Amino acid sequence: MLQDLDILEDWTAIRKAMASLGPHRVKVDVPAVKADRHHHVARSEEGRLFYNNQWYCRGQTICINRKDEYPTSAIITTINNDEVWFKRLDGTKSKLYISQLQKGKYTIKHS
């Protein structure tokens with residue numbers, strides 16, 4: 001069995017050796033093509049939403065898709081500068097940020 005002092009000396013030596021090796025992180029450049037792959041055009045103008053070359057307005061039924069979930073039907077209730085409010089068929093209300101549509105976190109289409 002080692003004495004406590006021997007353990008502390010060994011531990012100190014290991015820490016110094018690890019520090020002298022430097023960081024092990026390697027920065028990987030992401031190609032611009034991959035970063036733009038999920039970029040969608042989405043903007044709000046005069047109470048309407050322009051998304052992927054289609055216009056959406058209040059009262060329209062849409063289908064909302066999220067990558068890991070089942071599609072949801074909903075009705076658009078409000079379109080603001082940075083968010084879209086909708087009501088699901090079960091009566092619950094939620095919002096999507098336009099930035100989420102732009103990044104591809106959510107996608108919508110006409111039902």
Side-chain angles (χ1 to χ4, degrees):
M1 295 254 318
L2 292 175
Q3 298 294 326
D4 288 342
L5 185 58
D6 294 333
I7 294 172
L8 288 175
E9 287 175 353
D10 291 346
W11 179 244
T12 303
I14 291 170
R15 285 184 35 215
K16 285 182 181 178
M18 294 291 288
S20 68
L21 293 176
H24 293 289
R25 296 181 210 151
V26 177
K27 188 174 182 179
V28 177
D29 292 332
V30 177
V33 174
K34 188 172 183 178
D36 290 338
R37 185 169 52 131
H38 295 294
H39 183 72
H40 299 272
V41 175
R43 67 177 185 272
S44 170
E45 286 183 15
E46 300 174 4
R48 298 185 306 161
L49 174 68
F50 184 74
Y51 175 72
N52 282 353
N53 296 323
Q54 293 185 349
W55 287 100
Y56 297 85
C57 61
R58 187 173 170 246
Q60 285 185 323
T61 303
I62 58 172
C63 181
I64 303 168
N65 291 316
R66 186 172 179 181
K67 292 180 182 179
D68 299 332
E69 295 178 5
Y70 290 108
T72 303
S73 284
I75 298 172
I76 298 173
T77 57
T78 308
I79 300 173
N80 295 325
N81 288 337
D82 57 348
E83 60 194 19
V84 178
W85 283 87
F86 60 90
K87 185 169 80 171
R88 292 186 182 90
L89 297 178
D90 65 2
T92 59
K93 289 186 177 180
S94 297
K95 67 180 169 182
L96 286 174
Y97 289 103
I98 292 178
S99 61
Q100 291 174 319
L101 293 171
Q102 291 169 338
K103 294 174 186 174
K105 185 172 183 179
Y106 291 91
T107 58
I108 62 172
K109 62 181 179 180
H110 290 285
S111 289

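Residues take their numbers from the sequence shown, with the count starting at 1. Note that the structure is a prediction, hence the values are computed from the model and not measured.
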Audit row: Ser94, Arg88, side-chain hydrogen bond (donor to acceptor under 3.5 Å, both in side chains) steps and yes/no: CA-CA 8 Å; Ser94 297; Arg88 292 186 182 90; 2.8 Å; yes
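- Between the CG atom in Asn65 and the OG1 atom in Thr72 there is a gap of 8.0 Å [rounded to 0.5 Å].
- Remark: Leu96 CG to Lys105 NZ distance equals 10.0 Å, nearest 0.5 Å.
- Taking CZ from Arg48 and CD from Gln60, the interatomic distance works out to 10.0 Å, rounded to the nearest 0.5 Å.
- Within the structure, the ring-ring contact (aromatic ring centres under 6.0 Å, His included) test picks out the following pairs touching residues 86-111 (sequence neighbours left out): Tyr56-His110.
- The two residues Asn80 and Ser44 make their nearest non-hydrogen contact at O-OG, 3.0 Å.
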Cut-off 3.5 Å, no hydrogens considered: what does the side-chain donor-acceptor table look like for residues 4-18, sequence neighbours left out?
| residue | atom | partner | partner atom | Å |
| --- | --- | --- | --- | --- |
| Thr12 | OG1 | Leu8 | O | 2.8 |

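- More than 12 non-hydrogen atoms from other residues, nucleotides or ligands lie less than 6.0 angstrom from CD of Gln54.
- Within a 6.0 Å sphere centred on CG of Asn81, heavy atoms belonging to other residues, nucleotides or ligands number 12 at most.
- Ile98 has its side chain out of reach of Asp82: every pair of non-hydrogen atoms, C-beta onward, lies at least 4.5 Å apart.
- Among all heavy-atom pairs drawn from Ala74 and Ile64, the shortest one is CB-CD1, 3.9 Å.
- Taking every heavy atom of both residues into account, Thr107 and His40 meet most closely at CG2-NE2, 4.4 Å.
- In the hydrophobic clustering (ILVMFWY side chains linked at under 4.5 Å, chained through shared members), Trp55 is joined by Val41, Phe50.
- Nearest heavy atom pair, residue Ser73 against residue Ser111, reads OG-OG, 4.3 Å.
- One distance of note links NZ of Lys87 with CG of Leu89; it measures 9.5 Å at 0.5 Å rounding.
- Put simply, the side chain of Leu49 reaches to within 4.5 Å of the side chain of Leu101, judged on heavy atoms.
- Rounding to the nearest 0.5 Å gives a distance of 10.0 Å between CD1 of Ile62 and OH of Tyr51.
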